[in-house]
Number of protein chains: 2
Amino acid sequence: MLPNLKEEKLDPRVKRTRNLILKSFEDLLAERNFESISVQDVTGKAQINRATFYSHFEDKYDLLNQWISQMFTQEIDKRMRDVCHYTHENLRNLILAVCEFLAGLHSDCAQPHQQFESLVETQIKNQIFDLLTHWLEETKASLPTEIPATVATWAIYGLASQYSHAKKRPVLHEFVNEALPLVAVNLEQFAQPA
Amino acid sequence: MLPNLKEEKLDPRVKRTRNLILKSFEDLLAERNFESISVQDVTGKAQINRATFYSHFEDKYDLLNQWISQMFTQEIDKRMRDVCHYTHENLRNLILAVCEFLAGLHSDCAQPHQQFESLVETQIKNQIFDLLTHWLEETKASLPTEIPATVATWAIYGLASQYSHAKKRPVLHEFVNEALPLVAVNLEQFAQPA
DNA sequence: TATTTTAGACGACATCTGTTGTTTAGAATA
DNA sequence: TATTCTAAACAACAGATGTCGTCTAAAATA
């Protein structure tokens with residue numbers, strides 16, 4: 001299994017093969033639930049030999065991890081390009097981004113399944129935690145960040161997960177307005193002075 | 001696959017077979033990581049025909065779900081036998097229970113792996129959420145419980161997970177004292193008047 | 001341009017999963 | 001106690017996974 005190399009030095013065959021696999025995987029996810037998709041399904045659609053798959057991904061779960069990570073990173077980079085510290089507004093936008101991403105996943109992927117959701121959760125929480133930790137460490141106050149970042153990360157993901165699962169989905173901005181104070185309450189100590 | 005029947009009416013062969021499987025699974029978990037354990041390993045150790053396994057459990061993941069659920073339910077029942085509403089002290093004991101349970105799982109089970117942890121998480125969070133919701137609904141005030149219970153559930157699990165993974169594990173009571181205010185802050189509205 | 005390196009195709013294999021129908025044995029009922 | 005019902009054993013099967021060594025083709029280097 002190949003390491004995630006920087007794109008500048010990547011053999012074009014590797015790039016091509018990875019992209020074919022990721023794209024085929026995404027297309028299949030839109031039609032069928034994750035559990036029912038086999039490695040043979042993905043490689044067949046990508047017109048790649050099945051054994052080649054294992055040069056790029058450890059297994060189907062690793063494939064999902066890498067796909068989700070790529071998708072979410074792109075989404076966050078798009079919305080939070082120049083954000084480097086905690087504000088109430090940045091937190092709102094982060095919660096909004098996660099809610100929309102998860103809701104989109106629910107719409108775009110047929111019948112999410114427990115293992116699919118668990119893997120998605122792990123990837124996204126890792127990124128939220130890193131982002132929040134980075135924001136909170138930008139404060140001048142040198143406060144410990146680990147426990148507040150942990151609590152906030154899990155709270156954000158929990159709320160977004162609840163939102164994306166809701167049978168009757170609430171109006172997003174109202175939901176975020178209701179949820180935001182419960183996340184923000186532990187983070188205000190990190191807000192930059194005006 | 002058999003439904004979870006009440007124990008009074010259960011054919012003794014069913015009880016015996018289930019217990020043999022669960023016990024063998026637990027013994028194997030103490031020696032090897034979850035991913036490396038096959039259904040054949042479990043049924044071989046239990047001296048049960050492999051096909052019989054599938055009359056009781058959907059797959060190995062269902063086995064883990066049921067084992068964890070049973071273990072955690074017993075632990076909570078032991079510690080919170082007569083607790084029916086939210087207090088600061090009950091919340092502290094809940095966080096303590098979850099931290100100890102997860103830390104114990106880390107000690108008793110060889111090399112936890114991502115899917116193992118995800119499944120554990122799902123089971124335990126469900127139980128925390130149900131318990132918290134029950135507590136919060138006991139309040140006289142008729143406040144909406146879903147979002148606070150969600151945030152608290154995820155925060156509790158997140159903190160316990162962090163504690164159980166810590167390389168240098170902090171003193172538990174100190175950790176809980178530090179973490180408790182961040183969880184409690186959103187729940188004090190539900191405390192019973194003295 | 002020739003050579004070397006690297007990625008992918010290929011066929012084969014062992015192992016495991018989940019399922020099926022039949023037979024045997026244990027438990028419940030008459 | 002005999003009969004009926006239910007659970008488990010059993011063998012076999014199809015399908016999927018992950019791996020391996022060899023060959024072919026594309027990319028990089030000299």
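Heavy-atom basis, side chains included; hydrogens, waters and symmetry copies ignored. First the proteins, then the strands, lettered A, B, ... as listed; each starts at 1.
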Participant: Give me the bend of the helix from C:dT1-D:dA30 to C:dA30-D:dT1, using the axes of the five pairs at each end, rounded to 10°.
Facilitator: 30°

Participant: Please give, in whole Å, the distance from C:dT29 P to B:D11 CG?
Facilitator: 10 Å

Participant: Does A:K60 count as lying over the ring of A:F34, i.e. NZ or CZ under 6.0 Å from the six-ring centre, within 45 degrees of the axis?
Facilitator: yes

Participant: As an exercise, state the distance from CD of B:Q127 to CD1 of B:I76, rounded to the nearest 0.5 Å.
Facilitator: 7.5 Å

Participant: Between D:dA8, C:dT6, C:dA9, spot the one nearest the side chain of A:N49, thanks.
Facilitator: C:dA9

Participant: Closest approach to the side chain of A:R16, judged atom by atom: which nucleotide of D:dA27, D:dA8, C:dA27 is it?
Facilitator: D:dA27

Participant: Quick one: is B:S55 getting a side-chain N or O under 4.0 Å of the D:dA7 phosphate, OP1 or OP2?
Facilitator: no

Participant: Got a salt bridge between B:E100 and B:R79, using NZ or NE/NH1/NH2 to carboxylate O under 4.0 Å?
Facilitator: yes

Participant: How long is the line joining CG of B:L63 and P of C:dG18, in whole Å?
Facilitator: 12 Å

Participant: Measure from CD1 on B:I21 to C1' on D:dA8 and round the result to the nearest Å.
Facilitator: 10 Å

Participant: Quick check for you: to the nearest 0.5 Å, what is the distance between B:Q66 atom CD and B:I21 atom CD1?
Facilitator: 10.0 Å

Participant: For D:dA7, does OP1 or OP2 lie under 4.0 Å from any side-chain N or O of B:H56?
Facilitator: no

Participant: Could you state the atom-to-atom distance from CG of B:L20 to P of D:dA7 in whole Å?
Facilitator: 16 Å

Participant: Relative to each other, are the rings of A:F175 and A:Y163 parallel, tilted or perpendicular (30° and 60° limits)?
Facilitator: tilted

Participant: Indicate yes or no: does B:E121 engage A:K125 in a salt bridge with an N to O separation below 4.0 Å.
Facilitator: yes

Participant: Scan nucleotides 13-23 of chain D against the protein and return all N/O pairs shorter than 3.5 Å with their distances rounded to 0.1 Å.
Facilitator:
unit_1, atom_1, unit_2, atom_2, d
D:dT17, OP1, A:V39, N, 2.9
D:dG18, OP2, A:Y54, OH, 3.0
D:dG18, N7, A:R50, NH1, 2.8
D:dG18, O6, A:R50, NH2, 2.9

Participant: Would you say a side-chain N or O of A:R18 is under 4.0 Å from OP1 or OP2 of C:dG8?
Facilitator: no

Participant: For the ring pair A:Y157 and B:W154, is the centre-to-centre distance below 6.0 Å?
Facilitator: yes

Participant: Answer yes or no: is there an ion pair linking A:K23 with A:D27, defined by an N-O contact shorter than 4.0 Å?
Facilitator: yes

Participant: With a 3.5 Å cut-off and just heavy-atom distances, do the side chain of A:R13 and the base of D:dA27 make a donor-acceptor pair?
Facilitator: no

Participant: Looking only at atom types and distance, does a side-chain atom of A:N177 sit under 3.5 Å from a main-chain N or O of A:H173, one as donor and one as acceptor?
Facilitator: yes

